[in-house]
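Given the structure is predicted, the values throughout are model-derived calculations rather than measurements.
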Protein chains: 2
Amino acid sequence: MASLTVGNRRPVRLADIAKAAGVSHGTASNVFSRPEIVREEVRERVKAAAEAMGYGGPDPKGRLLRAGKVNAIGVATAEPLSYFFDDPFARVMMAGISQACDATGAGISLVSAANNEQLAWNIQSALVDGFIVFCIEGGSRLVQLARERKLPFVALDLASEDGSVATIGIDNVAGAAMAARHLTGLGHRRFAVLALQFVDGRTGPVSPEQVQTAVYAGTRDRLTGYFQELSRVGVDTSKVPVYETANDATSTIAALEAIFGVAEPPTAILAMSDRMALVALEWLSARKLKVPDDISIVGFDGVPEAAVSEPPLTTVAQPIAEIGRLAVKAILENDGTTNRRQLPVELIVRASSAPPRG
Amino acid sequence: MASLTVGNRRPVRLADIAKAAGVSHGTASNVFSRPEIVREEVRERVKAAAEAMGYGGPDPKGRLLRAGKVNAIGVATAEPLSYFFDDPFARVMMAGISQACDATGAGISLVSAANNEQLAWNIQSALVDGFIVFCIEGGSRLVQLARERKLPFVALDLASEDGSVATIGIDNVAGAAMAARHLTGLGHRRFAVLALQFVDGRTGPVSPEQVQTAVYAGTRDRLTGYFQELSRVGVDTSKVPVYETANDATSTIAALEAIFGVAEPPTAILAMSDRMALVALEWLSARKLKVPDDISIVGFDGVPEAAVSEPPLTTVAQPIAEIGRLAVKAILENDGTTNRRQLPVELIVRASSAPPRG
DNA sequence: CACTTTCGTTGGATCGATTCAAATTTGCTT
DNA sequence: AAGCAAATTTGAATCGATCCAACGAAAGTG
């Protein structure tokens, strides 16, 4: 009864119970980690001592230092932590990561931070065996920090030029091309593009020169894919409005207002994310514009929400969960080689796209 | 250039660079943790040595042992890890937890496991400062394991008798009573209850005797609240069918089939979770039963999905995110006292409840 | 009975850092 | 140039375990 953890502290270590039980710390350690090699009588004595002193088992802090492996992978992002539970894309990704972790018995540590400095510290001091880096925003900074930890890591969603960072992603050019070809095939010739970030922290219309200086290669590649197909049917891509958003409702709506505030609005919208496409769907519906009768929309990502929207969204589906699974695998089976994988995408045609009116 | 991390291992420690730079480890350590107290010339020399040897900064494993604090809280459940990203209730809760962690700079470790043995090990070896225990299923076992770690922990969603475990929850009796009173007030007199688990691993009809032996006090309390109000208007609660489910679609549908497979089905359903209520909504709609014209339903929890269902769901809303925030606070500010808090619930009346026909 | 095995136990070394009292150096005063 | 305070640096101790070579005792063998 004297063992009721008292308010202040619990300075009871393995060595303490070893002494109490009259054995060496080596034996005491064995009682917990390899009980079968210690004589039953001794084992019981040590366990009794542990019980009596309120010892909660070997402290993982100590074990960790000796063992080296944490058995957990860190998932890092520059967004607030709640991003992992809010964002549909992140959630599907995390489901894939979870699945792979469950299968191997590894834990997941969520790493993030409000400000830059805190983020650096958190990444430096995260107790993990490797990182999966979500490069939504501030990707390059994150990658830089992760690299400094000198732990295995893979970057997701970042088609970086830098061949030295391991990435798992998709063929953005091909995916975007599929979306555009679908719409041109239906007969559309007037387009607008809702783009993800080319560089951090900017939103609004994007000029062709600005595209050249894109930090996010994924964004640039998708635009390349779109334009490649539009050019093929003779669309003058320099006249196609491209609006950069922060992939949130506010900036997407601002883009939509600009896009539809002109004399001859587009008949089709190419959105670089389902999130933007879904925002567009709602915005158009509020304005009594019918999708797909008045406007066709094709999204990108293939999040579950896209299947149940009104109308269901035509989109370029990434194998999101699979990417997550592979990322975990890449880290746990890290052999020092930097893996760069591209997974196939798939065009899922639903009700948000149809031939243009007339 | 010789610093390119080679495939195999990286045995470069702080002591190595101290030697290389010709300073003691004490000084080398200071260069990283309190750079301002070491002379610039020395600081630069050490940093240069670190750079040259490919040192990725002080290993948190070592620091941890010395410092004692991990600066992360563990969230434990007996469900698979993906539960955190799938389940609406869990997601809102995690959002609250995330928010509190973001604010204090703490990290989140997700702890879970497929099998029992693995779960025990994972809890024993989780590198965290405390646990938040999700008691959905296998709650008592989880609490037992968490307690053995002798770390601060709070149990969520478990109105345990055991006064020695810290919990943050709601007044289940009062919440349930609000739901029932709402329906009796509308004139309903024929009810059925979709119940959460009374004990682990059982589903199906529940007899009054079985209710007495409930492991989950929360489930029992909600039933008590329901029955209290039903009795008040003269309903014979011993005749009210109560079906226990695993809070998933399969067992809920089984319950619904039993409930509506009788001559005089109920006019109102009391569901102990929004999840079950939402399943019921869909099931009824598929059977051309109109809610609320034919059947009224009141859920429990107040998840976001309940606001956008067809029809929107009347429900007893818990302050889910707030519970999460408080749980984090309780762990980080743990003063040895076992906190037991009850937060208020609120009845949110939407379109799934109306007076009975005729 | 001497000689191997086998089994259990011991205690020192190690994991990689931080901390702090003491020692040393530097800088200022007079 | 001695005296003293302030600024730096040192190195041993510590955090809490695990590992392993070596050792002692009990059991088995010829």
Side-chain angles (χ1 to χ4, degrees), chain A residues 9-47 49-50 53-71 121 124-129 149-151, chain B residues 9-47 49-50 53-71 121 124-129 149-151:
Chain A
R9 67 197 184 285
R10 171 183 69 101
V12 39
R13 312 182 303 293
L14 187 51
D16 297 328
I17 72 159
K19 176 138 38 117
V23 298
S24 73
H25 56 266
T27 299
S29 173
N30 286 335
V31 169
F32 291 99
S33 45
R34 302 132 81 195
E36 68 283 1
I37 75 162
V38 19
R39 199 152 42 98
E40 173 161 6
E41 189 244 315
V42 177
R43 199 194 314 149
E44 291 310 321
R45 183 148 43 94
V46 173
K47 277 187 174 162
M53 303 180 72
Y55 181 65
D59 187 331
K61 295 206 268 306
R63 192 206 337 266
L64 171 62
L65 183 53
R66 192 68 240 229
K69 273 235 160 290
V70 183
N71 199 34
W121 172 256
Q124 278 161 22
S125 59
L127 290 156
V128 297
D129 297 322
R149 255 311 280 280
K150 310 253 156 109
L151 284 176
Chain B
R9 68 197 183 286
R10 170 181 69 101
V12 39
R13 310 181 304 293
L14 186 52
D16 297 327
I17 72 158
K19 176 137 37 115
V23 298
S24 71
H25 21 261
T27 299
S29 172
N30 286 335
V31 170
F32 292 97
S33 46
R34 302 131 82 194
E36 69 283 1
I37 75 162
V38 17
R39 196 153 41 97
E40 172 157 7
E41 188 245 314
V42 178
R43 200 194 316 147
E44 291 311 319
R45 183 148 43 94
V46 173
K47 276 187 174 162
M53 302 180 73
Y55 181 65
D59 187 330
K61 295 205 268 307
R63 190 206 336 267
L64 170 62
L65 183 53
R66 190 75 241 236
K69 274 237 160 285
V70 184
N71 199 31
W121 172 255
Q124 279 162 21
S125 59
L127 290 157
V128 297
D129 297 321
R149 255 312 279 281
K150 310 253 156 107
L151 284 177

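- Using modelled atom types, one side-chain atom of B:R149 and one backbone atom of B:A126 make a donor-acceptor pair closer than 3.5 Å.
- Put simply, the side chain of A:R66 and the base of C:dT14 share a donor and an acceptor less than 3.5 Å apart.
- Remark: the backbone N or O of A:L64 is not paired with any side-chain donor or acceptor of B:K61 at under 3.5 angstrom.
- Across the protein-nucleic acid pair, B:R13 atom CZ and C:dA17 atom P stand 8 Å apart, rounded to whole Å.
- The two residues A:R63 and A:P58 come nearest to each other via the heavy atoms NH2-O, 3.9 Å.
- Straight-line distance from the CD1 atom of B:I17 to the P atom of C:dT18: 11 Å, rounded to whole Å.
- Nucleotide C:dA17 holds its P atom 18 Å from the NZ atom of A:K61, rounded to whole Å.
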Collect all protein-nucleotide pairs involving nucleotides 4-9 of chain C in which both atoms are nitrogen or oxygen and the distance is under 3.5 Å.
residue : atom : partner : partner atom : Å
C:dG8   : O3'  : A:R39   : NE           : 3.4
C:dT9   : OP1  : A:R39   : NE           : 3.4
C:dT9   : OP1  : A:R39   : NH2          : 3.3
C:dT9   : OP2  : A:R39   : N            : 3.1

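- Overall bending of the helix from C:dC1-D:dG30 to C:dT30-D:dA1, expressed as the angle between end axes built from five pairs apiece, is 50° (10° steps).
- Partners of B:R66 by side-chain hydrogen bond (donor to acceptor under 3.5 Å, both in side chains), not counting sequence neighbours: none found.
- Nucleotides of DNA chain D nearest to B:G62 and B:H25 differ in position, and the one nearer the 5' end is that of B:H25.
- In this structure, the CZ atom of A:R63 is 9 Å from the P atom of D:dC19, given to the nearest Å.
- Atom CG of B:D16 and atom C1' of C:dC15 are 13 Å apart (whole Å).
- One interatomic measurement links the two molecules: CG of B:L14 to P of D:dT9, which rounds to 15 Å at whole-angstrom precision.
- Heavy atoms of other residues, nucleotides or ligands lying less than 6.0 angstrom from CD of B:E36 number more than 12.
- A straight line from CZ of B:F32 to P of C:dT19 spans 15 Å, rounded to a whole angstrom.
- Put simply, A:Y55 has no side-chain N or O that comes within less than 4.0 Å of OP1 or OP2 on D:dG16.
- Protein atom CZ of B:R34 is 15 Å distant from nucleotide atom P of D:dA7, rounded to whole Å.
- For A:P60 against B:Q124, the heavy-atom pair with the smallest separation is CG-O, 3.5 Å.
- Checking side-chain atoms of B:D129 against main-chain N and O of B:V70 turns up a donor-acceptor pair under 3.5 Å.
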**Request:** Dump the intermediate steps for side chain to side chain contact (heavy atoms under 4.5 Å, CB included) on A:V23 and A:R45, then the final yes or no.
**Result:** CA-CA 9 Å; A:V23 298; A:R45 183 148 43 94; 4.1 Å; yes
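- Ion pairing of A:D16 with A:R13 is present here, as a side-chain N (NZ or NE/NH1/NH2) and a carboxylate O approach within less than 4.0 Å.
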